[in-house]
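Okay, so here's the structure we're looking at.
A, B, ... follow the sequence lines: proteins, then strands. Residue 1 opens every chain.
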There are 2 protein chains.
Amino acid sequence: MRISTKFSDSIHLLSFISIFKTEKLTSEFIASSIKTSPVVVRRMIGELRLAGLISPYQGGKSPQLSRPPVDISLFDVYSAVEHKKPLFNIDKDTNPHCPVGAHVPDVLRSIYSEAEAAAFGQLGRTTLQDVIDRIQVAHQRYGEGTAEA
Amino acid sequence: MRISTKFSDSIHLLSFISIFKTEKLTSEFIASSIKTSPVVVRRMIGELRLAGLISPYQGGKSPQLSRPPVDISLFDVYSAVEHKKPLFNIDKDTNPHCPVGAHVPDVLRSIYSEAEAAAFGQLGRTTLQDVIDRIQVAHQRYGEGTAEA
DNA sequence: CTATATTGCAACCGACATAGTTACGGAGAT
DNA sequence: ATCTCCGTAACTATGTCGGTTGCAATATAG
């Protein structure tokens, strides 16, 4: 399959609207930073609004976070756009009459969930504010770009 | 994309050849447990042999692990068949002239690597022997299947 | 109040990764 | 010698994902 960058792009989007909250944020403008199309941006905003991370539409206003970036973890973002999609996939269609095939899916389920808990725990401990801070530190050290293309 | 089950199937395969090491292990027999085709099994065996987890071909013998299951971690298996493919994908094609777009990829790289390290660390601490043990416990408690279909 | 800009949404398309299949030469076993 | 099984390459079928098009609804500007 084509690998999904939705999670990364969503973090990008949320950071962007937080950092540029004083500007007029059109989907076109946001799309220029992510290098994607405005429609894709609107689609992502729709999902994030549905998940409660972006405030419901309020008459022509720019999209804005529904709560401060310190209160949004990357696990919240992952859950919002990937719907808690497992990190590792289990082949559930195995031979139930074989002692190995019959039990592998369940065994993997429990083992994978331990590994996933470790990763998701780490994501849960990282907030959008951390991302924004790191972006701004990097910008002050190396960057001199503007918001424009 | 279609989601990959190669990692799961490889663990299944390795457990299978360890548990049934006294039987004649044809690719057909192994495939019957994973419910896939013999060719797919041979392809996986090829990768695992390349990675050093299965002994090089030795004249008509059944495939066998190159070292005991306690010395094979699930991270070894993941590395062998997924080539350390990252758990989270980064959209590297962002706008370098935007202060956000210019730095998001690097920031995500460092943040993701922390989460991945957590998951891979857990996989590294789990061995093929653990998997085999859990399969056998489950088999003794619930199962009564045979190796046949 | 009309014109322009922008959004939200649905349908569709093209690219691409993956599992499965077909095919065949070669090595071992009997 | 024959039969079985392996290893590998080429091809196919399928599903996911990002991107595009099109349009009605809403908002802002003039």
From the options C:dA19, C:dT6, D:dC6, select the nucleotide whose nearest atom is closest to the side chain of B:V40. C:dA19

Using the test salt bridge (charged side-chain N to carboxylate O under 4.0 Å, His left out), find all partners of A:R125 that sit at least two apart in sequence or belong to another chain. none

Picking from C:dT7, D:dC6, D:dG19, which would you name as closest to the side chain of A:T36? D:dG19

Does A:T5 have a side-chain nitrogen or oxygen under 4.0 Å from the phosphate oxygens OP1 or OP2 of D:dC17? no

Is there a donor N/O on one and an acceptor N/O on the other, under 3.5 Å, for the side chain of A:R43 and the base of D:dT21? no

In whole angstrom, what separates B:E82's CD from C:dA19's P? 8 Å

Contact between B:L87 and B:F120 at the side-chain level, heavy atoms closer than 4.5 Å - yes or no? yes

Indicate whether OP1 or OP2 belonging to D:dC6 is found under 4.0 Å from a side-chain N or O atom of B:S27. yes

What is the distance from CZ of B:F7 to P of C:dA19, rounded to the nearest Å? 14 Å

Counting just side-chain N and O atoms, does A:S4 come under 4.0 Å of either OP1 or OP2 of D:dT16? no

Applying a 4.0 Å non-hydrogen cut-off, can you work out what B:L25 is touching in the nucleic acid: base, sugar-phosphate, or nothing? sugar-phosphate

Applying a 4.0 Å non-hydrogen cut-off, can you work out what B:T26 is touching in the nucleic acid: base, sugar-phosphate, or nothing? sugar-phosphate

Nearest-Å distance for atom pair CZ/P, residues B:R42 and C:dC24: 15 Å

Quickly work out the A:R49 CZ to C:dC9 P distance and round it to whole Å. 7 Å

A:K24 NZ - C:dT4 C1' separation (whole Å): 13 Å

Without decimals, in angstroms, what is the distance between B:D93 CG and D:dC17 P? 19 Å

Less than 4.0 Å between a side-chain N and a carboxylate O, is that true for A:D9 and A:K6? no

Selected nucleotide, minimal atom distance to A:V39 side chain, candidates D:dG19, D:dG22, D:dT8: D:dG22

Atom CG of B:L50 and atom P of D:dC6: how far apart are they, to the nearest Å? 18 Å

Can you find a pair of side-chain heavy atoms, one from B:L14 and one from B:I54, that are under 4.5 Å apart? yes

Rounded off to whole Å, could you give me the CE-to-P distance for the A:M44 and C:dT7 pair? 13 Å

Residues passing the side chain to side chain donor-acceptor pair (under 3.5 Å) test with B:Q129, sequence neighbours excluded, are B:D133

